[in-house]
2 protein chains.
Amino acid sequence: MADTSTRSVERALLLLGAVCERGTVSLAEAARDAGLSASTALRLLRTLESTGFVRRDGAGGYRAGLRVVQLGAQALSSESLVSLAEGALDRLVGLTGESAYLSVPSHDGHGVYLAVREGTHSVRHASWVGRSIPLEGTAVGAVLSGTTPSTGYVVVRDGVEADVTAIAAPVRAGGRIAAALSVVVPSYRIREDESAGIGMHVAREAAAILPVTSATPEGESA
Amino acid sequence: MADTSTRSVERALLLLGAVCERGTVSLAEAARDAGLSASTALRLLRTLESTGFVRRDGAGGYRAGLRVVQLGAQALSSESLVSLAEGALDRLVGLTGESAYLSVPSHDGHGVYLAVREGTHSVRHASWVGRSIPLEGTAVGAVLSGTTPSTGYVVVRDGVEADVTAIAAPVRAGGRIAAALSVVVPSYRIREDESAGIGMHVAREAAAILPVTSATPEGESA
DNA sequence: ATTTGTATTTCACTTATTGAAACTCCATTT
DNA sequence: AAATGGAGTTTCAATAAGTGAAATACAAAT
């Protein structure tokens, strides 16, 4: 498929990724990241700017524009991975009473929450869509980093967030880790031996999210 | 600036928009939407697919891919419009005790919520990021459609959502309406004459969100 | 003053992009 | 059964779209 791809589009999308992942980026940095000449990068960034995908801040740096936010939000609301995961998230909350999350890698050494279902207890873990999660010291991080043990899930008790136990499992697409499904419990409410039960539920739900999809785009292009 | 734009990139981004806005789209529909030949659309969509921005479902339709969701979420979590609006949203909730929202136009005749802050009452309006809002009969819709009266805010009592009163004001960038900031109150909790007080707060907060940004991409390209 | 780095513009060159045509397949209509 | 219409996919000749080196302007550092 690589030979039927459109080079200028690939380059523009690379630049868009650099802008969104870096938060703010100068023309020179973006050009270096994408391995392009400054003039080529400028023209492509100008195209992204004129279509609303990036915007320019007062200091001349490029930032994510409204269009990518809009499309991201629309993608979130359509029958996307998030929609597919909604049933799983609801079932996990119903089963455990604890908060459940879907997260994806964000290519800058973090994960990011895409979907959130809060638990039913008065005292529960609280977080939000768009929140960044470190990959070090978190169950989600271990899963997204590809270090899930053979049990199929990861348990991190009192990791980077004090007083909570996080249990996560990988959502796979075509053999690759597309996302992580997780449940976060106040540690006082879960004994060490109880985490296995929840872990198996999380792993089962995660495995069922993308059951029959064709290989992912990355798989197909590899 | 139009003469220094990159046509193939513009076309690919148009196709990306069609996919995200339609939820699922066939090659023929996407090509028609973008005014391209089928073979051109196929190649551009393949490029979007190989870079993760779109994916193909089992029936051959194109859908939003993980990459646009990731970048959208990252854009959401960075110092973007949403981050800038967070203070305003928090202050409005603190001030009114009611639910507050940031929404943007979605180009398909709707608005879409980008950020949500729930109110502090037990009985409150509830909604979510990514939710679509009709432009007809809503305060947000009036604002995004550019029909804000000189008061600076719009009040819609018992509009498309029964039993709530919505108050919205425009977030402007370079003289254009970039988004709407709104507060939604159960109607039993707000008298007709009280909406003006809240409206002025919403308008003030909205006006302060993008104080010194350069013109928006659309403004610059016009 | 010189050097370094960034952003922007220009333009000759070439190759990347394009779309018409052909092909395959399927469903519907005659 | 044959004809029609539509979708998806492949091919390839033509050309103009995209490219990047070079020049320019500006600012900051030495």
Side-chain angles (χ1 to χ4, degrees), chain A residues 1-19 22-51 53-65 213-215 217 219-221, chain B residues 1-19 22-51 53-65 213-217 219-222:
Chain A
M1 195 181 293
D3 58 328
T4 60
S5 209
T6 305
R7 188 177 67 165
S8 52
V9 173
E10 287 179 336
R11 288 172 159 184
L13 296 175
L14 263 182
L15 287 168
L16 178 60
V19 170
R22 293 269 206 106
T24 183
V25 65
S26 71
L27 170 66
E29 288 166 340
R32 268 196 303 271
D33 270 7
L36 302 173
S37 71
S39 55
T40 298
L42 179 62
R43 187 169 42 249
L44 294 174
L45 280 167
R46 277 193 170 150
T47 304
L48 289 168
E49 188 182 353
S50 69
T51 51
F53 281 85
V54 305
R55 62 189 169 100
R56 215 130 184 227
D57 65 24
Y62 289 95
R63 296 187 153 182
T213 190
S214 59
E220 279 175 357
S221 63
Chain B
M1 196 181 288
D3 58 329
T4 59
S5 209
T6 304
R7 188 177 67 164
S8 51
V9 173
E10 287 179 336
R11 288 174 159 183
L13 296 175
L14 264 182
L15 288 169
L16 178 61
V19 170
R22 293 267 208 107
T24 182
V25 66
S26 70
L27 170 66
E29 287 165 338
R32 268 194 303 269
D33 270 9
L36 302 173
S37 71
S39 55
T40 299
L42 179 63
R43 186 169 42 248
L44 293 174
L45 281 167
R46 279 192 169 151
T47 304
L48 289 169
E49 187 180 355
S50 69
T51 51
F53 281 86
V54 304
R55 61 189 171 100
R56 214 132 183 225
D57 66 24
Y62 288 96
R63 296 185 155 183
T213 189
S214 61
T216 58
E220 280 175 356
S221 61

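FYI, side chains are in, hydrogens and waters are out, and symmetry mates aren't considered; it's all heavy atoms of this structure. In what follows, every chain begins at residue 1, and chains take the letters A, B, ... in the order their sequences are listed. Quick caveat, the model's predicted, so the values are computed rather than measured.
For the pair Arg32(A) CZ and dG20(D) C1', the computed distance is 17 Å after rounding to whole Å. Across the protein-nucleic acid pair, Glu49(B) atom CD and dT9(D) atom C1' stand 14 Å apart, rounded to whole Å. Taking atom CZ on Arg11(A) and atom P on dT19(D), their separation rounds to 5 Å, with Å as the unit. As a whole-Å value, the separation of Arg43(A) CZ from dA17(D) P is 12 Å. Nucleotide dA20(C) holds its P atom 15 Å from the CG atom of Leu42(B), rounded to whole Å. Distance CG (Leu15(B)) to C1' (dT17(C)): 14 Å, rounded to an integer number of Å. If you take CG of Leu45(B) and P of dG19(C), they are 14 Å apart, rounded to a whole angstrom. The nearest whole Å value for the distance from the CZ atom in Arg7(B) to the C1' atom in dT17(C) is 8 Å.
Mapping Val9(A) and Gly60(A) onto DNA chain C via the closest heavy atom, the residue that lands nearer the 5' end is Gly60(A).
For the salt bridge (charged side-chain N to carboxylate O under 4.0 Å, His left out) test, residues two or more places apart in sequence or in another chain that qualify with Arg22(A) are Glu29(A), Asp33(A).
Side chain to side chain, Ser8(A) and Thr6(B) fail the donor-acceptor criterion of an N or O pair below 3.5 Å.
At the phosphate of dT9(C), OP1 or OP2 sits under 4.0 Å from a side-chain N or O atom of Arg46(A). Between Arg56(A) and dA7(C) there is no side-chain polar atom (N or O) within less than 4.0 angstrom of OP1 or OP2. At the phosphate of dG18(D), OP1 or OP2 sits under 4.0 Å from a side-chain N or O atom of Ser8(B).
One finds the CG atom of Leu13(A) at 8.5 Å from the CZ atom of Phe53(A) (value rounded to the nearest 0.5 Å). Between atom CG of residue Leu48(B) and atom CZ of residue Arg55(B) there is a gap of 14.0 Å, rounded to the nearest 0.5 Å. Considering CG of Leu16(B) and OG1 of Thr47(B), their distance stands at 12.0 Å, rounded to 0.5 Å.
Nucleic acid contact for Ser39(B): base, since at least one base atom lies under 4.0 Å from a heavy atom of the residue. The residue Thr40(A) sits close to a base: some heavy atom pair falls under 4.0 Å.
With distances taken from any side-chain atom of Tyr62(B) to the nucleotides dT9(D), dG8(D), dT19(D), the minimum falls on dT9(D).
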